[in-house]
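Let me begin by presenting the structure, written as structure tokens, before commenting on it.
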Amino acid sequence: MFEPLNWPVKCFLSPNLSTETTATNRRRSRAKFTEDQLKILVNAFNQKPYPGYATKKRLASEINTEESRIQIWFQNRRARHRFQKRSEPEEDLKSSQDEDHHEEKIRSREDRRCRTSYTSSQLHTLIEAFMKNPYPGIDSREQLAKEIGVPESRVQIWFQNRRSRFHVQRKREPDEALEQRQDQGQDP
DNA sequence: ACCCTAACCTAATCAACGA
DNA sequence: TCGTTGATTAGGTTAGGGT
């Protein structure tokens, strides 16, 4: 529904995107959790649907996967859960249930992953990659991550934030200065 | 063909950090 | 203290793998 391809400037005017780009835009391969892994995840979810970073790390090592997979799994699981609730909201449970969720949410707020700070050279690399392709696939992200020495999941988040803020910025500025060459002091 | 769900997306918001 | 920006969320879409 959303249009990943109406970016400004020359992002896609770049000539050599064709069959090869599809390869680099590939998604990461789907994880297939075993029953045992799933049992652990579901159990953890029932206890705390909003786990903190420490919990996610612990689960990750417990079922031998990456923390980012745990994060995605919980996101998807919560979404499914909410959807089901909307289907049949009529049950005996009442208002107190909502407050419980709020509390849980607040509690998990306590430990989040500590903010990673990028050096200017790391940012330079990221920005340059962004201008070439704002939607890098798993291969590009991993290569980039290796290059600047940061986990791939952080690269993915960086691109998400960057794209999102690009959209906001464009909304604020109607259509004037569509050639604006993107702040960020870049040197020749 | 269809279903389930991991992967991925945007938009809004929380919050750490530096000027 | 305030703007910038990384991290997390809700909620929706895309696509891989099984039936």
Side-chain angles (χ1 to χ4, degrees), chain A residues 1-8 11 21-35 37-42 45 48-57 59-60 63-87 89 98 101-127 129-130 133-142 144-145 148-172 182-185:
Chain A
M1 209 46 170
F2 52 93
E3 64 294 61
L5 283 188
N6 66 353
W7 281 93
C11 292
T21 322
T22 55
T24 60
N25 276 0
R26 205 179 85 251
R27 293 183 165 207
R28 109 193 303 120
S29 56
R30 250 180 105 97
K32 35 194 178 188
F33 297 116
T34 68
E35 275 186 39
Q37 289 175 318
L38 231 42
K39 201 149 65 170
I40 290 172
L41 288 172
V42 170
F45 181 86
K48 206 200 290 183
Y50 294 88
Y53 179 61
T55 304
K56 282 183 264 187
K57 273 305 275 296
L59 284 169
I63 72 173
N64 192 29
T65 187
E66 298 167 18
E67 182 269 338
S68 60
R69 299 308 89 206
I70 303 288
Q71 172 133 344
I72 295 292
W73 188 86
F74 271 83
Q75 285 174 11
N76 284 325
R77 179 88 182 177
R78 284 196 300 264
R80 256 176 278 140
H81 219 249
R82 275 190 297 274
F83 184 72
Q84 259 183 308
K85 264 191 177 168
R86 262 184 299 175
S87 288
D98 285 295
H101 277 278
H102 276 273
E103 256 188 303
E104 279 178 288
K105 212 186 268 193
I106 288 168
R107 236 186 305 159
S108 72
R109 284 276 154 74
E110 288 167 17
D111 87 297
R112 42 166 63 193
R113 170 196 290 271
C114 34
R115 190 189 172 96
T116 61
S117 62
Y118 295 101
T119 69
S120 53
S121 81
Q122 285 174 321
L123 281 175
H124 181 81
T125 303
L126 287 169
I127 289 165
F130 182 87
N133 178 14
Y135 294 90
I138 181 62
D139 292 334
S140 309
R141 292 199 307 268
E142 231 140 40
L144 211 44
I148 67 176
V150 89
E152 180 273 333
S153 62
R154 300 307 87 204
V155 173
Q156 182 156 28
I157 294 299
W158 186 89
F159 273 83
Q160 283 178 10
N161 280 324
R162 184 88 182 171
R163 285 195 302 263
S164 200
R165 273 143 199 170
F166 224 86
H167 287 141
V168 171
Q169 185 188 346
R170 294 198 82 218
K171 268 183 200 161
R172 276 203 308 231
Q182 180 65 318
D183 42 47
Q184 251 61 261

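In what follows, every chain begins at residue 1, and chains take the letters A, B, ... in the order their sequences are listed.
To the nearest 0.5 angstrom, A/Q71 atom CD is 11.0 Å from A/N76 atom CG. The distance from atom CD of A/E66 to atom CD of A/E152, rounded to the nearest 0.5 Å, is 7.5 Å. Atom-to-atom distance recorded for A/I70:CD1 and A/F74:CZ is 7.0 Å, nearest 0.5 angstrom.
Computed from coordinates, the A/I72 CD1 to B/dT5 C1' distance equals 12 Å when rounded to whole Å. In this structure, the CZ atom of A/R30 is 9 Å from the P atom of C/dG16, given to the nearest Å. Taking atom CD on A/E67 and atom P on B/dA7, their separation rounds to 13 Å, with Å as the unit. Between A/R77 atom CZ and C/dA10 atom P the separation is 15 Å, expressed in whole Å. Spacing between atom OH of A/Y50 and atom P of C/dA10 amounts to 3 Å, rounded to whole angstrom units. In this structure, A/N161 atom CG and B/dA12 atom C1' are separated by 11 Å, rounded to whole Å. We find that NZ of A/K57 is positioned 12 Å from P of C/dT8, with the value rounded to whole Å. Distance CZ (A/R165) to C1' (B/dA11): 10 Å, rounded to an integer number of Å.
Of the candidates B/dA16, C/dT9, B/dA6, B/dA6 carries the atom nearest the A/W73 side chain, counting heavy atoms from C-beta on. Relative to the side chain of A/N76, the nucleotides B/dT10, C/dG12, C/dG11 differ in distance, and C/dG12 lies closest. When the nucleotides C/dA10, B/dC9, B/dC14 are ranked by their closest atom to the side chain of A/R112, B/dC14 comes out on top. Taking every side-chain heavy atom of A/R28 into account, B/dA7 is the closest of B/dA7, C/dT8, B/dC9.
Residue contacts for A/S117: at a heavy-atom cut-off of 4.0 Å it reaches no nucleic acid atom on any strand shown. Counting any heavy atom pair closer than 4.0 Å across all strands shown, A/R27 reaches a base atom. Counting non-hydrogen atoms under 4.0 angstrom, A/R69 reaches the backbone sugars and phosphates but no base. Residue-level contact check: A/Q160 touches the bases, meaning some heavy atom is under 4.0 Å from a base atom. At a threshold of 4.0 angstrom between heavy atoms, the contacts of A/R113 are confined to the sugar-phosphate backbone, with no base atom among them.
Between A/R80 and B/dC4, a side-chain N or O to OP1/OP2 separation shorter than 4.0 Å is absent. Remark: A/Y135 is in phosphate contact with B/dT10, judged by side-chain N or O atoms under 4.0 Å from OP1 or OP2. An OP1 or OP2 oxygen of C/dT5 is reached within less than 4.0 angstrom by no side-chain nitrogen or oxygen of A/R154. Side-chain nitrogen and oxygen atoms of A/Q156 include at least one within less than 4.0 Å of the OP1 or OP2 phosphate oxygen of B/dC9.
Residue-to-nucleotide contacts include a donor-acceptor pair under 3.5 Å from the side chain of A/R115 to the base of C/dT5. A donor-acceptor contact under 3.5 Å is not formed by the side chain of A/R26 with the base of C/dT14.
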Salt bridge (Lys or Arg N to Asp or Glu O under 4.0 Å), that's the test. Do A/E67 and A/K57 meet it? Break it down for me. CA-CA 5 Å; A/E67 182 269 338; A/K57 273 305 275 296; over 6 Å; no
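Of the possible polar contacts, one joining the A/R163 side chain to the A/P134 backbone as a donor-acceptor pair under 3.5 Å is found.
Contact between A/Y135 and A/N25 at its shortest, heavy atoms only, is O-OD1, 3.3 Å.
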